[in-house]
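Whatever order the structure lists ligands and atoms in, that order sets their numbers, starting from 1. Computed from a prediction, not measured in an experiment: that's the story for all the values here. Numbers for residues simply follow the sequence, beginning at 1.
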Amino acid sequence: MVSMGNQQQCRIITATAALFLAVCGILLLVVPTEDVKETPEFMYGIVLDAGSSHTTIFIYKWPADKQNGTGVVSQHSECHAKGGGISSYAGNKGGAASSLEECMEKATQEIPKSRHKLTPVYLGATAGMRLLNISKPKESDAVLKEVADKLKTYPFSFKGATILSGQEEGAYGWVTVNYLLENYIKYGFVGQWLSPGRDTVGALDFGGASTQITFETKQTVENEDNLMKLRLYGRDYQIYTQSFLCYGRDQVLLRLLALLIKTQGSDHSIVHPCYPAGYSDSVKLSSVFDTPCNKRQTPYKPDDVLQIKGTGNYNQCLGNVSRLFSLNNCSYSRCSFDGVFQPNITGNFMAFSAFFYTHSFLQEATGISITSPEYLEEATHVVCNMSFEKMRNQFQGHESHLKDYCTVSAFVQVLLVNGYGFDFRSFPHISFQKKAGGTSVGWSLGYMLSLSNLLPAEDVLLRKSLRSALHYIQPTNCVDH
Ligand SMILES: *[C@@H]1O[C@H](CO)[C@@H](O)[C@H](O)[C@H]1NC(C)=O
Ligand SMILES: *[C@@H]1O[C@H](CO)[C@@H](O)[C@H](O)[C@H]1NC(C)=O
Ligand SMILES: *[C@@H]1O[C@H](CO)[C@@H](O)[C@H](O)[C@H]1NC(C)=O
Ligand SMILES: *[C@@H]1O[C@H](CO)[C@@H](O)[C@H](O)[C@H]1NC(C)=O
Ligand SMILES: *[C@@H]1O[C@H](CO)[C@@H](O)[C@H](O)[C@H]1NC(C)=O
Ligand SMILES: *[C@@H]1O[C@H](CO)[C@@H](O)[C@H](O)[C@H]1NC(C)=O
């Protein structure tokens with residue numbers, strides 16, 4: 001973890017205190033008055049993070065007693081649904097719904113009965129469902145309806161199942177990061193977090209089908225689509241956010257296979273410079289091309305089998321992975337890649353989900369502490385250079401992912417350094433994290449915090465744009481009630 005200086009910490013604390021105080025408004029709205037008189041126990045909320053590769057069910061809790069304390073929302077537990085993401089059950093009626101049963105039963109047991117009816121349940125689906133909604137909209141609708149119907153059968157207060165836009169995913173992740181940092185750091189610094197601070201922490205998310213970058217910027221945001229203005233506790237934040245569909249881990253692996261098939265001109269056998277030397281595999285062509293991320297120009301036989309032979313060549317791997325990015329077609333003053341506007345990165349960042357796993361694997365595998373682009377490159381080089389046999393001996397238990405570490409590491413390198421523009425000065429300001437203070441880092445907490453605020457107006461809230469939803473987080477709630 002990158003340690004931040006005291007001064008920086010203070011700035012984070014003060015800025016995020018705004019978010020934190022704002023949330024006490026939410027909590028007041030959530031707590032019905034009868035309960036306050038009764039028992040000072042917890043209130044609960046459930047968010048189903050329906051990702052492209054799997055679904056995670058988060059239970060959050062916060063003190064029900066609004067008289068006391070600020071009602072910090074923390075994670076009570078998380079449960080990983082067995083099987084794939086809900087989008088993987090397209091065309092398999094009942095599959096997505098039953099994949100949620102085990103974890104939802106567990107939630108029913110874990111949350112006290114007297115709180116069931118007061119517990120909101122949200123399901124948010126991300127890029128896996130965004131892709132399904134592009135390729136098979138009817139099946140996407142059917143899956144969403146099915147999981148919604150399922151969730152209504154539990155004794156909780158179901159609030160909706162929806163597909164988040166990339167911008168929403170990015171912005172809710174940013175809310176989570178800044179909310180958690182505030183809580184995490186707060187305890188040692190009570191009293192300081194009300195002084196006027198400015199800086200927030202950026203969020204870097206790397207999922208199975210998309211990746212997001214979100215941070216506060218003072219620069220002009222030249223493309224409206226990337227701009228989010230949030231008013232939180234009397235302070236305006238100008239947020240830049242961008243989500244890249246098809247730049248998640250699993251889609252990148254498939255896009256690279258499609259690129260190698262195309263450039264090597266064979267549907268039957270290819271060499272793969274990112275797979276370890278000594279590794280070979282065979283896959284059906286349909287598994288490569290059955291995604292909107294790989295548009296095939298020429299016809300192909302879906303059932304044909306492709307033989308893949310790993311060569312473990314770092315330079316060729318990096319060269320091919322780089323070709324997944326367009327770095328030279330910018331029509332703004334500055335771009336990240338693919339012609340997408342991006343201001344200069346500034347401040348501290350938290351990188352989570354697959355960024356965290358890739359970073360920690362690289363450090364573990366190589367013993368290199370990755371605190372600069374050079375070290376990232378060096379560690380990637382070492383991993384890409386490992387034979388499959390060496391990998392298997394060194395990392396027993398990780399078997400199924402071993403072949404992909406070189407690709408994903410090279411991808412992270414190109415994305416962060418050549419794409420987003422992190423350099424020797426800014427890279428050390430990235431902190432790679434999975435959890436903060438016991439709570440997993442992702443969009444789901446920010447989502448619940450933002451939506452719960454509008455709890456009484458249930459019907460309105462699900463149609464509200466993120467911008468207006470967040471806009472409602474106002475400190476006045478704390479005073480008025
Ligand atoms: C809040 O709770 C703590 C113990 O949890 C107690 O010591 C304190 O007096 C309470 N404060 C108020 C204002 O009720
Ligand atoms: C699916 O995509 C269409 C077209 O972009 C959009 O209008 C619709 O809202 C999406 N469906 C869901 C459930 O988000
Ligand atoms: C991509 O990989 C192939 C096969 O290993 C290699 O021949 C080619 O030079 C690589 N392309 C680039 C741009 O590095
Ligand atoms: C830049 O190139 C990428 C990939 O070819 C394409 O998706 C994108 O639309 C292009 N952007 C602009 C602004 O030309
Ligand atoms: C952005 O960064 C570039 C290169 O580091 C620098 O030349 C430019 O002045 C910066 N722009 C702003 C608005 O800070
Ligand atoms: C790559 O592997 C070969 C043989 O195992 C070794 O001689 C070479 O030093 C390695 N290179 C790097 C950069 O790790």
Side-chain angles (χ1 to χ4, degrees), residues 50 52 86-87 90 96 122-148 160-169 209-210 222-223 225-226 242-247 251-252 255 258-259 262 273-274 276-279 292-295 297 310-318 322-342 362 365-368 374-391 393-394 405-406 409-410 413-414 418-419 462-466:
S52 63
I86 57 171
S87 57
Y122 305 94
L123 182 141
T126 50
M129 288 294 285
R130 260 174 248 146
L131 289 175
L132 187 63
N133 188 31
I134 293 171
S135 59
K136 296 163 189 162
K138 283 213 179 84
E139 296 196 3
S140 156
D141 289 348
V143 167
L144 264 192
K145 181 168 186 311
E146 177 186 308
V147 294
T162 140
I163 303 177
L164 272 66
S165 70
Q167 287 145 307
E168 287 175 312
E169 192 178 358
S210 69
E222 295 170 24
N223 183 347
D225 296 345
N226 295 124
Q242 170 68 32
S243 177
F244 293 94
L245 192 60
C246 299
Y247 285 82
Q251 295 301 322
V252 163
R255 288 174 58 212
L259 175 74
K262 191 176 164 200
C274 304
Y279 178 84
C293 297
N294 280 338
K295 284 193 203 89
Q297 311 296 346
T311 56
N313 184 316
Y314 169 77
N315 284 318
Q316 290 181 3
C317 174
L318 197 66
S322 300
R323 293 183 61 179
L324 301 175
F325 298 77
S326 301
L327 292 161
N328 296 312
N329 64 346
C330 187
S331 55
Y332 300 99
S333 67
R334 199 191 167 282
C335 286
S336 46
F337 54 90
D338 289 1
V340 170
F341 169 74
Q342 187 199 289
L362 279 176
T366 64
I368 296 168
E374 284 71 29
Y375 287 133
L376 175 59
E377 186 180 329
E378 193 183 324
T380 303
H381 198 150
V382 171
V383 164
C384 290
N385 195 33
M386 281 180 187
S387 71
F388 190 54
E389 200 190 342
K390 177 154 195 284
M391 280 194 150
N393 291 335
Q394 198 174 330
Y405 278 115
C406 168
S409 304
Q413 184 184 323
V414 177
N418 309 84
L462 296 174
R463 281 184 216 115
K464 286 249 179 242
S465 72
L466 175 72

message: Can you tell me how the ring of Phe337 sits relative to the ring of Phe325, calling it parallel under 30°, perpendicular over 60° and tilted otherwise?
response: perpendicular
For residues 122-131, the salt bridge (charged side-chain N to carboxylate O under 4.0 Å, His left out) pairs (sequence neighbours left out) are Arg130-Glu169
Original post:
Counting both backbone and side chain atoms, is some N or O of Asn329 under 3.5 Å from an N or O of ligand 4?
Top reply: yes
_Testing the 3.5 Å rule here: is there a donor-acceptor pair between the side chains of Ser333 and Glu222?_
yes
Across all chains, not counting sequence neighbours, the salt bridge (charged side-chain N to carboxylate O under 4.0 Å, His left out) partners of Lys145 are Asp149
task: For Cys384 and Cys274, run disulfide (SG to SG under 2.5 Å): C-alpha distance rounded to whole Å, both residues' side-chain angles, the deciding distance at 0.1 Å, then the answer.
output: CA-CA 6 Å; Cys384 290; Cys274 304; over 6 Å; no
Exercise answer: donor-acceptor pairs, residues 132-140 side-chain atoms, under 3.5 Å, sequence neighbours excluded:
residue : atom : partner : partner atom : Å
Ser135  : OG   : Leu131  : O            : 3.3
Glu139  : OE1  : Gly91   : N            : 3.4

The protein residues that pass the under-4.0 Å heavy-atom test against ligand 2 are Asn133, Leu144, Ile163
Numbered in order shown, the ligand 6 atoms found under 4.0 Å of a heavy atom of His381 are 13 (C)
Quick one: does Asn313's side chain have a donor or acceptor within less than 3.5 Å of a partner on Pro273's backbone? no
